[in-house]
There are 2 protein chains.
Amino acid sequence: MAQTEKQSTTLLAIDPKLQMAPQIYGSIRQSILDLRLTPKQALSEKELALMLGVSRTPVREALIKLAEDGLVDIFPQRGTFVAPIRVAEVLEAQFIREALEVSVVARVAEISDPTIIARLQESLARQKRAVDNGDLDGFLAEDENFHFILSASVNLTRAWKVIQNVKGQLDRVRVLSLPEPGHLAELYEQHLAIVTSIESGNSAAAKKHMTKHLQQVFRTIDKLLAQRPEIFFD
Amino acid sequence: MAQTEKQSTTLLAIDPKLQMAPQIYGSIRQSILDLRLTPKQALSEKELALMLGVSRTPVREALIKLAEDGLVDIFPQRGTFVAPIRVAEVLEAQFIREALEVSVVARVAEISDPTIIARLQESLARQKRAVDNGDLDGFLAEDENFHFILSASVNLTRAWKVIQNVKGQLDRVRVLSLPEPGHLAELYEQHLAIVTSIESGNSAAAKKHMTKHLQQVFRTIDKLLAQRPEIFFD
DNA sequence: TCAAATACACTACCATGGTAACATGTCAAT
DNA sequence: ATTGACATGTTACCATGGTAGTGTATTTGA
(Lines give C-alpha, C1' and ligand atoms only; values in the text may rest on other atoms or scores of the structure.)
Protein backbone atom coordinates (compact mmCIF):
# COMPACT_ATOMS: atom_id res chain seq x y z
CA MET A 1 0.00 0.00 0.00
CA ALA A 2 2.88 2.34 0.77
CA GLN A 3 4.44 2.24 -2.67
CA THR A 4 1.58 3.53 -4.76
CA GLU A 5 2.41 5.49 -7.86
CA LYS A 6 3.86 8.95 -7.22
CA GLN A 7 3.94 9.75 -10.92
CA SER A 8 3.50 13.42 -11.67
CA THR A 9 2.91 13.52 -15.41
CA THR A 10 1.10 10.90 -17.42
CA LEU A 11 3.42 8.30 -18.85
CA LEU A 12 2.79 9.37 -22.42
CA ALA A 13 0.15 10.77 -24.66
CA ILE A 14 -2.01 8.01 -26.11
CA ASP A 15 -3.41 8.36 -29.58
CA PRO A 16 -6.82 6.67 -29.61
CA LYS A 17 -6.67 6.19 -33.38
CA LEU A 18 -3.71 3.83 -33.13
CA GLN A 19 -3.62 0.50 -31.34
CA MET A 20 -3.42 0.83 -27.59
CA ALA A 21 -1.19 -2.09 -26.64
CA PRO A 22 1.93 -1.07 -28.61
CA GLN A 23 1.69 2.50 -27.38
CA ILE A 24 1.32 1.37 -23.79
CA TYR A 25 4.25 -0.99 -24.22
CA GLY A 26 6.45 1.78 -25.54
CA SER A 27 5.34 4.16 -22.85
CA ILE A 28 6.00 1.83 -19.93
CA ARG A 29 9.21 0.60 -21.49
CA GLN A 30 10.57 4.09 -21.82
CA SER A 31 9.67 4.84 -18.23
CA ILE A 32 11.50 1.76 -17.05
CA LEU A 33 14.57 2.51 -19.14
CA ASP A 34 15.00 6.03 -17.81
CA LEU A 35 14.26 4.79 -14.30
CA ARG A 36 11.10 6.82 -13.81
CA LEU A 37 9.77 3.43 -12.89
CA THR A 38 12.32 2.00 -10.50
CA PRO A 39 13.39 -1.62 -9.99
CA LYS A 40 11.08 -3.67 -7.75
CA GLN A 41 8.31 -1.14 -8.10
CA ALA A 42 4.84 -2.67 -8.31
CA LEU A 43 2.98 -2.30 -11.59
CA SER A 44 -0.55 -3.58 -11.30
CA GLU A 45 -2.72 -3.92 -14.37
CA LYS A 46 -5.57 -2.08 -12.74
CA GLU A 47 -3.46 0.81 -11.55
CA LEU A 48 -1.70 1.33 -14.88
CA ALA A 49 -4.99 1.09 -16.75
CA LEU A 50 -6.43 3.77 -14.51
CA MET A 51 -3.38 5.98 -14.95
CA LEU A 52 -3.36 5.64 -18.72
CA GLY A 53 -7.10 5.92 -19.13
CA VAL A 54 -7.48 2.58 -20.91
CA SER A 55 -8.76 -0.82 -19.95
CA ARG A 56 -6.71 -3.57 -18.38
CA THR A 57 -6.51 -5.78 -21.44
CA PRO A 58 -4.01 -3.79 -23.54
CA VAL A 59 -2.04 -3.00 -20.38
CA ARG A 60 -1.80 -6.67 -19.68
CA GLU A 61 -0.57 -7.38 -23.21
CA ALA A 62 2.07 -4.68 -22.85
CA LEU A 63 3.25 -6.14 -19.55
CA ILE A 64 3.54 -9.61 -21.08
CA LYS A 65 5.76 -8.21 -23.79
CA LEU A 66 7.85 -6.36 -21.23
CA ALA A 67 8.23 -9.62 -19.31
CA GLU A 68 9.63 -11.23 -22.45
CA ASP A 69 12.10 -8.36 -22.64
CA GLY A 70 13.11 -9.14 -19.07
CA LEU A 71 12.11 -5.65 -17.95
CA VAL A 72 9.29 -6.73 -15.64
CA ASP A 73 8.68 -9.83 -13.56
CA ILE A 74 5.17 -11.23 -13.52
CA PHE A 75 4.22 -13.40 -10.55
CA PRO A 76 0.81 -14.93 -11.26
CA GLN A 77 -1.85 -13.98 -8.75
CA ARG A 78 0.72 -11.92 -6.83
CA GLY A 79 1.72 -8.98 -8.88
CA THR A 80 3.91 -7.51 -11.57
CA PHE A 81 7.09 -5.62 -10.71
CA VAL A 82 9.78 -3.72 -12.52
CA ALA A 83 12.62 -6.20 -12.85
CA PRO A 84 15.67 -5.51 -10.71
CA ILE A 85 18.92 -4.83 -12.55
CA ARG A 86 20.60 -8.21 -12.53
CA VAL A 87 24.25 -8.24 -13.47
CA ALA A 88 23.97 -11.63 -15.12
CA GLU A 89 21.15 -10.47 -17.38
CA VAL A 90 22.94 -7.28 -18.34
CA LEU A 91 26.00 -9.28 -19.26
CA GLU A 92 23.95 -11.76 -21.25
CA ALA A 93 22.24 -8.93 -23.09
CA GLN A 94 25.68 -7.61 -23.97
CA PHE A 95 26.72 -11.08 -25.14
CA ILE A 96 23.72 -11.41 -27.42
CA ARG A 97 24.03 -7.93 -28.81
CA GLU A 98 27.71 -8.36 -29.50
CA ALA A 99 27.25 -11.70 -31.22
CA LEU A 100 24.59 -10.28 -33.51
CA GLU A 101 26.00 -6.87 -34.27
CA VAL A 102 29.47 -8.22 -34.96
CA SER A 103 28.01 -10.71 -37.41
CA VAL A 104 25.90 -7.99 -38.97
CA VAL A 105 28.79 -5.60 -39.49
CA ALA A 106 30.85 -8.39 -40.97
CA ARG A 107 28.17 -8.96 -43.56
CA VAL A 108 27.93 -5.25 -44.27
CA ALA A 109 31.69 -5.09 -44.78
CA GLU A 110 31.66 -8.10 -47.09
CA ILE A 111 29.10 -6.42 -49.30
CA SER A 112 30.64 -2.96 -48.98
CA ASP A 113 27.84 -1.36 -51.00
CA PRO A 114 28.48 2.31 -51.90
CA THR A 115 24.89 3.38 -51.25
CA ILE A 116 25.01 1.81 -47.81
CA ILE A 117 28.31 3.51 -47.08
CA ALA A 118 26.83 6.80 -48.17
CA ARG A 119 23.97 6.44 -45.72
CA LEU A 120 26.37 5.55 -42.94
CA GLN A 121 28.44 8.62 -43.69
CA GLU A 122 25.37 10.81 -43.60
CA SER A 123 24.69 9.41 -40.16
CA LEU A 124 28.28 10.09 -39.16
CA ALA A 125 27.89 13.70 -40.25
CA ARG A 126 24.80 14.10 -38.10
CA GLN A 127 26.64 12.50 -35.20
CA LYS A 128 29.52 14.92 -35.63
CA ARG A 129 27.15 17.86 -35.49
CA ALA A 130 25.58 16.51 -32.32
CA VAL A 131 28.99 16.05 -30.73
CA ASP A 132 30.10 19.56 -31.64
CA ASN A 133 26.87 21.01 -30.27
CA GLY A 134 27.06 18.92 -27.14
CA ASP A 135 23.61 17.59 -28.02
CA LEU A 136 23.48 14.41 -25.94
CA ASP A 137 19.94 13.34 -26.82
CA GLY A 138 20.53 14.09 -30.46
CA PHE A 139 23.63 11.95 -30.46
CA LEU A 140 21.95 9.05 -28.72
CA ALA A 141 19.12 9.11 -31.24
CA GLU A 142 21.55 9.12 -34.13
CA ASP A 143 23.64 6.42 -32.47
CA GLU A 144 20.55 4.25 -32.41
CA ASN A 145 19.90 5.08 -36.03
CA PHE A 146 23.49 4.26 -36.99
CA HIS A 147 23.19 0.75 -35.61
CA PHE A 148 19.80 0.38 -37.22
CA ILE A 149 21.19 1.30 -40.63
CA LEU A 150 23.75 -1.47 -40.33
CA SER A 151 21.12 -4.17 -39.76
CA ALA A 152 18.56 -2.78 -42.15
CA SER A 153 21.03 -2.31 -44.98
CA VAL A 154 21.55 -6.04 -45.22
CA ASN A 155 17.85 -6.77 -44.65
CA LEU A 156 18.26 -8.19 -41.16
CA THR A 157 15.21 -6.60 -39.60
CA ARG A 158 14.49 -9.42 -37.22
CA ALA A 159 18.06 -9.36 -35.95
CA TRP A 160 17.53 -5.67 -35.30
CA LYS A 161 14.40 -6.42 -33.31
CA VAL A 162 16.29 -8.89 -31.16
CA ILE A 163 19.06 -6.39 -30.63
CA GLN A 164 16.53 -3.75 -29.67
CA ASN A 165 14.86 -6.03 -27.18
CA VAL A 166 17.99 -7.06 -25.33
CA LYS A 167 19.38 -3.55 -25.53
CA GLY A 168 16.80 -2.47 -22.98
CA GLN A 169 18.83 -4.14 -20.27
CA LEU A 170 21.89 -2.18 -21.39
CA ASP A 171 20.14 1.16 -21.72
CA ARG A 172 18.90 0.99 -18.16
CA VAL A 173 22.50 0.71 -17.00
CA ARG A 174 23.72 3.39 -19.35
CA VAL A 175 21.42 6.08 -17.98
CA LEU A 176 22.95 5.46 -14.57
CA SER A 177 26.41 6.34 -15.76
CA LEU A 178 27.29 9.99 -15.52
CA PRO A 179 28.05 11.63 -18.83
CA GLU A 180 31.80 12.03 -19.12
CA PRO A 181 33.45 14.79 -21.13
CA GLY A 182 34.81 13.54 -24.40
CA HIS A 183 32.80 10.33 -24.22
CA LEU A 184 30.60 11.23 -27.16
CA ALA A 185 33.59 12.12 -29.28
CA GLU A 186 35.07 8.75 -28.42
CA LEU A 187 31.94 6.94 -29.56
CA TYR A 188 31.94 8.96 -32.75
CA GLU A 189 35.54 7.93 -33.46
CA GLN A 190 34.60 4.30 -32.98
CA HIS A 191 31.71 4.62 -35.41
CA LEU A 192 34.07 6.25 -37.86
CA ALA A 193 36.53 3.37 -37.57
CA ILE A 194 33.73 0.91 -38.25
CA VAL A 195 32.63 2.73 -41.38
CA THR A 196 36.21 3.01 -42.58
CA SER A 197 36.60 -0.75 -42.23
CA ILE A 198 33.37 -1.29 -44.15
CA GLU A 199 34.57 1.01 -46.92
CA SER A 200 37.74 -1.02 -47.36
CA GLY A 201 35.74 -4.24 -47.27
CA ASN A 202 37.78 -5.41 -44.32
CA SER A 203 35.25 -7.46 -42.39
CA ALA A 204 37.78 -8.67 -39.83
CA ALA A 205 38.64 -5.09 -38.92
CA ALA A 206 34.98 -4.15 -38.86
CA LYS A 207 34.28 -6.96 -36.43
CA LYS A 208 37.17 -5.91 -34.23
CA HIS A 209 36.10 -2.28 -34.08
CA MET A 210 32.49 -3.20 -33.41
CA THR A 211 33.51 -5.53 -30.60
CA LYS A 212 35.59 -2.85 -28.98
CA HIS A 213 32.83 -0.32 -29.46
CA LEU A 214 30.17 -2.48 -27.81
CA GLN A 215 32.40 -3.60 -25.00
CA GLN A 216 32.46 -0.05 -23.70
CA VAL A 217 29.55 -1.03 -21.45
CA PHE A 218 31.88 -3.18 -19.39
CA ARG A 219 33.61 -0.01 -18.23
CA THR A 220 30.27 1.42 -17.20
CA ILE A 221 29.29 -1.73 -15.34
CA ASP A 222 32.60 -1.98 -13.52
CA LYS A 223 32.41 1.64 -12.48
CA LEU A 224 28.86 1.25 -11.22
CA LEU A 225 29.70 -1.94 -9.38
CA ALA A 226 32.48 -0.08 -7.60
CA GLN A 227 30.62 3.17 -6.93
CA ARG A 228 26.98 2.14 -6.54
CA PRO A 229 26.81 -1.61 -5.94
CA GLU A 230 23.40 -1.25 -4.30
CA ILE A 231 21.94 -0.68 -7.75
CA PHE A 232 22.40 -4.32 -8.69
CA PHE A 233 20.55 -7.35 -7.45
CA ASP A 234 21.32 -11.08 -7.31
CA MET B 1 -15.77 -19.92 -45.71
CA ALA B 2 -14.30 -22.82 -47.67
CA GLN B 3 -11.17 -23.15 -45.58
CA THR B 4 -12.66 -23.87 -42.21
CA GLU B 5 -10.80 -26.14 -39.88
CA LYS B 6 -10.76 -29.80 -40.92
CA GLN B 7 -8.85 -30.82 -37.82
CA SER B 8 -9.59 -34.34 -36.68
CA THR B 9 -8.02 -34.51 -33.23
CA THR B 10 -7.82 -31.67 -30.77
CA LEU B 11 -4.57 -29.77 -31.02
CA LEU B 12 -3.38 -30.88 -27.61
CA ALA B 13 -4.60 -31.86 -24.24
CA ILE B 14 -4.99 -28.79 -22.04
CA ASP B 15 -4.30 -29.04 -18.34
CA PRO B 16 -6.73 -26.69 -16.59
CA LYS B 17 -4.47 -26.47 -13.55
CA LEU B 18 -1.71 -24.76 -15.49
CA GLN B 19 -1.92 -21.42 -17.25
CA MET B 20 -3.86 -21.56 -20.47
CA ALA B 21 -1.95 -19.10 -22.64
CA PRO B 22 1.46 -20.86 -22.61
CA GLN B 23 -0.14 -24.22 -23.29
CA ILE B 24 -2.15 -22.82 -26.17
CA TYR B 25 0.96 -21.14 -27.54
CA GLY B 26 2.90 -24.39 -27.45
CA SER B 27 0.04 -26.31 -28.96
CA ILE B 28 -0.51 -24.01 -31.91
CA ARG B 29 3.21 -23.54 -32.42
CA GLN B 30 3.76 -27.26 -32.66
CA SER B 31 0.92 -27.61 -35.13
CA ILE B 32 2.41 -24.90 -37.30
CA LEU B 33 5.89 -26.39 -37.18
CA ASP B 34 4.79 -29.83 -38.30
CA LEU B 35 2.54 -28.26 -40.91
CA ARG B 36 -0.71 -29.57 -39.48
CA LEU B 37 -1.60 -25.92 -39.76
CA THR B 38 -0.51 -24.92 -43.22
CA PRO B 39 0.82 -21.58 -44.45
CA LYS B 40 -1.83 -18.95 -45.22
CA GLN B 41 -4.44 -20.88 -43.25
CA ALA B 42 -6.82 -18.66 -41.30
CA LEU B 43 -6.62 -18.82 -37.52
CA SER B 44 -9.39 -16.83 -35.93
CA GLU B 45 -9.43 -16.25 -32.21
CA LYS B 46 -13.01 -17.37 -31.94
CA GLU B 47 -12.54 -20.57 -33.88
CA LEU B 48 -9.41 -21.63 -32.01
CA ALA B 49 -11.04 -20.83 -28.68
CA LEU B 50 -13.97 -23.03 -29.60
CA MET B 51 -11.70 -25.85 -30.75
CA LEU B 52 -9.57 -25.74 -27.62
CA GLY B 53 -12.45 -25.25 -25.24
CA VAL B 54 -11.12 -22.02 -23.78
CA SER B 55 -11.99 -18.37 -24.12
CA ARG B 56 -10.61 -16.02 -26.70
CA THR B 57 -8.32 -14.09 -24.37
CA PRO B 58 -5.56 -16.68 -23.84
CA VAL B 59 -5.83 -17.67 -27.49
CA ARG B 60 -5.25 -14.06 -28.45
CA GLU B 61 -2.19 -13.86 -26.20
CA ALA B 62 -0.79 -17.01 -27.75
CA LEU B 63 -1.32 -15.63 -31.24
CA ILE B 64 0.44 -12.39 -30.33
CA LYS B 65 3.46 -14.38 -29.19
CA LEU B 66 3.39 -16.46 -32.35
CA ALA B 67 3.32 -13.25 -34.36
CA GLU B 68 6.50 -12.14 -32.59
CA ASP B 69 8.02 -15.47 -33.59
CA GLY B 70 7.06 -14.71 -37.17
CA LEU B 71 4.94 -17.85 -37.36
CA VAL B 72 1.62 -16.06 -37.83
CA ASP B 73 0.65 -12.78 -39.44
CA ILE B 74 -1.95 -10.68 -37.66
CA PHE B 75 -3.85 -8.18 -39.78
CA PRO B 76 -5.89 -5.97 -37.44
CA GLN B 77 -9.63 -6.20 -38.01
CA ARG B 78 -9.03 -8.63 -40.87
CA GLY B 79 -7.71 -11.86 -39.55
CA THR B 80 -4.79 -13.94 -38.38
CA PHE B 81 -3.08 -16.39 -40.69
CA VAL B 82 -0.30 -18.93 -40.51
CA ALA B 83 2.69 -17.11 -41.95
CA PRO B 84 3.88 -18.28 -45.34
CA ILE B 85 7.37 -19.71 -45.51
CA ARG B 86 9.43 -16.74 -46.65
CA VAL B 87 12.91 -17.53 -47.84
CA ALA B 88 14.27 -14.26 -46.53
CA GLU B 89 12.96 -14.95 -43.04
CA VAL B 90 14.28 -18.49 -42.99
CA LEU B 91 17.69 -17.22 -44.02
CA GLU B 92 17.60 -14.51 -41.39
CA ALA B 93 16.64 -17.03 -38.74
CA GLN B 94 19.64 -19.09 -39.78
CA PHE B 95 21.83 -15.98 -39.60
CA ILE B 96 20.70 -15.18 -36.07
CA ARG B 97 20.99 -18.73 -34.87
CA GLU B 98 24.44 -19.11 -36.32
CA ALA B 99 25.70 -15.86 -34.83
CA LEU B 100 24.48 -16.83 -31.39
CA GLU B 101 25.34 -20.52 -31.29
CA VAL B 102 28.81 -19.94 -32.69
CA SER B 103 29.47 -17.36 -30.00
CA VAL B 104 28.04 -19.68 -27.38
CA VAL B 105 30.18 -22.64 -28.37
CA ALA B 106 33.25 -20.43 -28.42
CA ARG B 107 32.60 -19.49 -24.82
CA VAL B 108 32.01 -23.10 -23.87
CA ALA B 109 35.30 -24.06 -25.48
CA GLU B 110 37.16 -21.27 -23.72
CA ILE B 111 35.95 -22.52 -20.38
CA SER B 112 36.32 -26.19 -21.26
CA ASP B 113 34.81 -27.29 -17.97
CA PRO B 114 35.07 -31.06 -17.32
CA THR B 115 31.58 -31.35 -15.86
CA ILE B 116 30.11 -29.61 -18.90
CA ILE B 117 32.05 -31.89 -21.19
CA ALA B 118 30.77 -34.88 -19.26
CA ARG B 119 27.19 -33.77 -19.78
CA LEU B 120 27.81 -33.22 -23.47
CA GLN B 121 29.26 -36.69 -23.79
CA GLU B 122 26.27 -38.20 -22.05
CA SER B 123 24.13 -36.48 -24.64
CA LEU B 124 26.36 -37.82 -27.39
CA ALA B 125 25.88 -41.34 -26.04
CA ARG B 126 22.12 -40.94 -26.14
CA GLN B 127 22.37 -39.59 -29.67
CA LYS B 128 24.44 -42.57 -30.72
CA ARG B 129 21.84 -44.95 -29.35
CA ALA B 130 19.10 -43.12 -31.24
CA VAL B 131 21.11 -43.27 -34.47
CA ASP B 132 21.79 -46.99 -34.07
CA ASN B 133 18.12 -47.66 -33.37
CA GLY B 134 16.98 -45.46 -36.23
CA ASP B 135 14.95 -43.50 -33.69
CA LEU B 136 14.36 -40.24 -35.55
CA ASP B 137 12.17 -38.52 -32.97
CA GLY B 138 14.48 -39.60 -30.19
CA PHE B 139 17.45 -38.15 -32.00
CA LEU B 140 15.73 -34.86 -32.74
CA ALA B 141 14.79 -34.48 -29.09
CA GLU B 142 18.33 -35.18 -27.99
CA ASP B 143 19.68 -32.88 -30.70
CA GLU B 144 17.60 -30.12 -29.21
CA ASN B 145 18.87 -31.01 -25.76
CA PHE B 146 22.48 -31.00 -26.96
CA HIS B 147 22.22 -27.44 -28.17
CA PHE B 148 20.40 -26.47 -24.99
CA ILE B 149 23.19 -27.88 -22.85
CA LEU B 150 25.68 -25.68 -24.66
CA SER B 151 23.81 -22.47 -23.87
CA ALA B 152 22.73 -23.45 -20.41
CA SER B 153 26.18 -24.60 -19.36
CA VAL B 154 27.48 -21.06 -19.68
CA ASN B 155 24.33 -19.55 -18.18
CA LEU B 156 23.06 -18.03 -21.41
CA THR B 157 19.40 -18.87 -20.97
CA ARG B 158 18.11 -15.82 -22.75
CA ALA B 159 20.30 -16.54 -25.73
CA TRP B 160 18.75 -19.99 -25.76
CA LYS B 161 15.28 -18.49 -25.78
CA VAL B 162 16.17 -16.32 -28.76
CA ILE B 163 17.62 -19.31 -30.55
CA GLN B 164 14.49 -21.31 -29.81
CA ASN B 165 12.25 -18.58 -31.14
CA VAL B 166 14.00 -18.11 -34.45
CA LYS B 167 14.54 -21.85 -34.82
CA GLY B 168 10.82 -22.21 -35.47
CA GLN B 169 11.35 -20.85 -38.95
CA LEU B 170 14.04 -23.44 -39.56
CA ASP B 171 12.11 -26.36 -38.11
CA ARG B 172 9.20 -25.73 -40.43
CA VAL B 173 11.54 -26.11 -43.37
CA ARG B 174 13.27 -29.13 -41.89
CA VAL B 175 10.11 -31.22 -41.64
CA LEU B 176 9.61 -30.71 -45.35
CA SER B 177 12.90 -32.36 -46.18
CA LEU B 178 12.69 -36.08 -46.63
CA PRO B 179 14.79 -38.06 -44.18
CA GLU B 180 17.90 -39.24 -45.95
CA PRO B 181 19.78 -42.38 -44.99
CA GLY B 182 22.94 -41.62 -43.10
CA HIS B 183 21.86 -38.08 -42.34
CA LEU B 184 21.45 -38.68 -38.63
CA ALA B 185 24.87 -40.31 -38.41
CA GLU B 186 26.30 -37.27 -40.14
CA LEU B 187 24.74 -34.92 -37.61
CA TYR B 188 26.08 -37.08 -34.82
CA GLU B 189 29.59 -36.87 -36.23
CA GLN B 190 29.32 -33.09 -36.34
CA HIS B 191 28.24 -32.96 -32.74
CA LEU B 192 31.14 -35.20 -31.87
CA ALA B 193 33.58 -32.88 -33.63
CA ILE B 194 32.18 -29.93 -31.69
CA VAL B 195 32.62 -31.67 -28.35
CA THR B 196 36.12 -32.76 -29.28
CA SER B 197 37.03 -29.16 -30.02
CA ILE B 198 35.57 -28.08 -26.70
CA GLU B 199 37.58 -30.74 -24.90
CA SER B 200 40.80 -29.45 -26.37
CA GLY B 201 39.80 -25.89 -25.57
CA ASN B 202 40.09 -24.99 -29.22
CA SER B 203 37.42 -22.33 -29.58
CA ALA B 204 38.32 -21.52 -33.17
CA ALA B 205 37.79 -25.12 -34.17
CA ALA B 206 34.58 -25.30 -32.17
CA LYS B 207 33.26 -22.24 -34.00
CA LYS B 208 34.22 -23.73 -37.35
CA HIS B 209 32.51 -27.04 -36.67
CA MET B 210 29.40 -25.37 -35.31
CA THR B 211 29.17 -23.13 -38.36
CA LYS B 212 29.45 -26.08 -40.68
CA HIS B 213 26.93 -28.00 -38.62
CA LEU B 214 24.31 -25.25 -38.69
CA GLN B 215 24.82 -24.45 -42.34
CA GLN B 216 23.46 -27.84 -43.23
CA VAL B 217 20.06 -26.15 -43.60
CA PHE B 218 21.28 -24.41 -46.71
CA ARG B 219 21.41 -27.80 -48.40
CA THR B 220 17.83 -28.44 -47.38
CA ILE B 221 16.68 -25.04 -48.60
CA ASP B 222 18.44 -25.38 -51.94
CA LYS B 223 16.97 -28.82 -52.47
CA LEU B 224 13.47 -27.62 -51.63
CA LEU B 225 13.82 -24.57 -53.84
CA ALA B 226 14.72 -26.88 -56.70
CA GLN B 227 12.18 -29.61 -56.04
CA ARG B 228 9.22 -27.83 -54.46
CA PRO B 229 9.53 -24.10 -55.14
CA GLU B 230 5.79 -23.65 -54.64
CA ILE B 231 6.37 -24.10 -50.91
CA PHE B 232 8.01 -20.70 -50.61
CA PHE B 233 6.46 -17.26 -50.84
CA ASP B 234 7.78 -13.78 -51.61
C1' DT C 1 -22.55 -4.56 -69.23
C1' DC C 2 -20.58 -2.45 -65.62
C1' DA C 3 -19.48 0.65 -61.97
C1' DA C 4 -21.09 2.71 -57.64
C1' DA C 5 -23.64 2.11 -53.59
C1' DT C 6 -25.26 -0.67 -49.98
C1' DA C 7 -25.98 -4.46 -46.83
C1' DC C 8 -23.94 -7.99 -44.46
C1' DA C 9 -20.74 -11.05 -42.27
C1' DC C 10 -16.53 -11.36 -40.02
C1' DT C 11 -12.45 -9.87 -37.78
C1' DA C 12 -9.20 -8.27 -34.13
C1' DC C 13 -9.36 -4.95 -30.57
C1' DC C 14 -10.77 -3.14 -26.26
C1' DA C 15 -13.77 -2.95 -22.02
C1' DT C 16 -15.41 -5.17 -18.08
C1' DG C 17 -16.98 -8.73 -14.81
C1' DG C 18 -15.94 -13.06 -12.26
C1' DT C 19 -12.65 -16.21 -9.94
C1' DA C 20 -8.92 -18.96 -7.83
C1' DA C 21 -4.43 -18.15 -6.02
C1' DC C 22 -1.81 -15.67 -2.94
C1' DA C 23 -0.24 -12.37 0.80
C1' DT C 24 -1.19 -10.37 5.07
C1' DG C 25 -3.24 -9.20 9.41
C1' DT C 26 -6.03 -10.67 13.43
C1' DC C 27 -6.94 -13.51 17.02
C1' DA C 28 -7.44 -17.82 19.61
C1' DA C 29 -5.05 -21.84 21.40
C1' DT C 30 -1.13 -23.77 23.53
C1' DA D 1 6.04 -15.96 22.67
C1' DT D 2 4.60 -19.12 18.77
C1' DT D 3 1.72 -21.37 15.96
C1' DG D 4 -2.39 -22.22 13.37
C1' DA D 5 -6.96 -20.94 11.64
C1' DC D 6 -9.56 -17.66 9.60
C1' DA D 7 -10.96 -13.16 7.55
C1' DT D 8 -9.92 -9.76 4.29
C1' DG D 9 -7.92 -7.49 0.45
C1' DT D 10 -5.21 -7.79 -3.73
C1' DT D 11 -3.55 -9.86 -7.80
C1' DA D 12 -3.14 -11.88 -12.48
C1' DC D 13 -5.88 -14.87 -15.19
C1' DC D 14 -9.76 -16.06 -17.92
C1' DA D 15 -14.56 -15.37 -19.86
C1' DT D 16 -17.56 -12.61 -22.43
C1' DG D 17 -19.91 -8.57 -24.49
C1' DG D 18 -19.52 -4.45 -27.47
C1' DT D 19 -17.47 -1.86 -31.41
C1' DA D 20 -15.08 0.06 -35.32
C1' DG D 21 -12.69 -1.44 -39.18
C1' DT D 22 -12.43 -4.45 -43.22
C1' DG D 23 -13.54 -7.55 -47.02
C1' DT D 24 -17.40 -9.43 -50.01
C1' DA D 25 -21.61 -10.29 -52.00
C1' DT D 26 -25.73 -7.95 -53.55
C1' DT D 27 -28.29 -4.39 -55.30
C1' DT D 28 -28.90 -0.20 -57.66
C1' DG D 29 -28.48 3.04 -61.37
C1' DA D 30 -26.93 4.15 -65.83
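Chain A is the first sequence line, chain B the second, and so forth, proteins listed ahead of strands; every chain is numbered from 1.
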Closest heavy-atom pair and its distance - Leu214(A), Gln94(A): O-OE1, 3.5 Å

Hey, does the side-chain of Thr80(A) have a donor or acceptor N/O within less than 3.5 Å of a partner on the base of dT11(D)? no

Nearest whole angstrom, please: distance from the P of dA12(C) to the CG of Leu43(B). 9 Å

Side chain of Lys17(A): nearest nucleotide among dA15(C), dT16(D), dG21(D)? dG21(D)

Regarding the side chain of Glu45(B), the nearest nucleotide among dT16(C), dA12(D), dC13(C) is dC13(C)

By nearest atom, which of the nucleotides dT11(D), dC14(C), dC14(D) is closest to the Glu61(A) side chain? dC14(C)

Heavy-atom count check: over 12 atoms from other residues, nucleotides or ligands less than 6.0 Å from Arg174(B) CZ? yes

Under 4.0 angstrom, heavy atoms only, what part of the nucleic acid is Ser44(A) near: base, sugar-phosphate, or nothing? sugar-phosphate

Starting at CZ of Phe75(B) and ending at P of dT11(C), how long is that distance when rounded to a whole Å? 15 Å

Spacing of Met20(B) atom CE relative to dA21(C) atom P, expressed in whole Å: 12 Å

Between Ile64(A) (CD1) and dC13(D) (P), how many Å, whole number? 6 Å

Integer-rounded Å distance: dT16(D) P and Arg60(B) CZ: 17 Å

Check the distance between dA12(C)'s C1' and Gln77(B)'s CD and give it to me in whole angstrom. 5 Å

Taking the inter-plane angle between the rings of His147(A) and His191(A) on a 0 to 90° scale, is it parallel (under 30°), tilted (30 to 60°) or perpendicular (over 60°)? perpendicular

Close side-chain approach of Glu68(A) and Lys161(B), heavy atoms under 4.5 Å: no

Within the supplied structure, the quantity of interest is the number of heavy atoms (other residues, nucleotides, ligands) at a distance under 6.0 Å from Arg86(B) CZ; does it exceed 12? yes

From C-beta outward on Gln19(A), which listed nucleotide comes closest to its side chain: dC14(D), dT11(C), dC14(C)? dC14(C)

Would you mind reading off the distance between Leu48(A) atom CG and dT16(C) atom P, rounded to a whole angstrom? 16 Å

Just to be sure I understand the rule, does Ala21(B) reach a base, reach only the sugar-phosphate, or reach nothing, if contact means heavy atoms closer than 4.0 Å? sugar-phosphate

side-chain N/O Ser55(B) vs dA15(D) OP1/OP2, d < 4.0 Å: yes

What is the separation between atom CZ on Arg56(A) and atom P on dA15(C), rounded to the nearest whole Å? 10 Å

Starting from the 5' end of DNA chain C, give me the residue, Pro76(B) or Arg78(A), whose nearest nucleotide shows up first. Pro76(B)

Let me spell it out: for each of Thr57(B) and Ile74(B), pick the nucleotide of DNA chain C with the closest heavy atom. Which residue's pick is nearer the 5' end? Ile74(B)

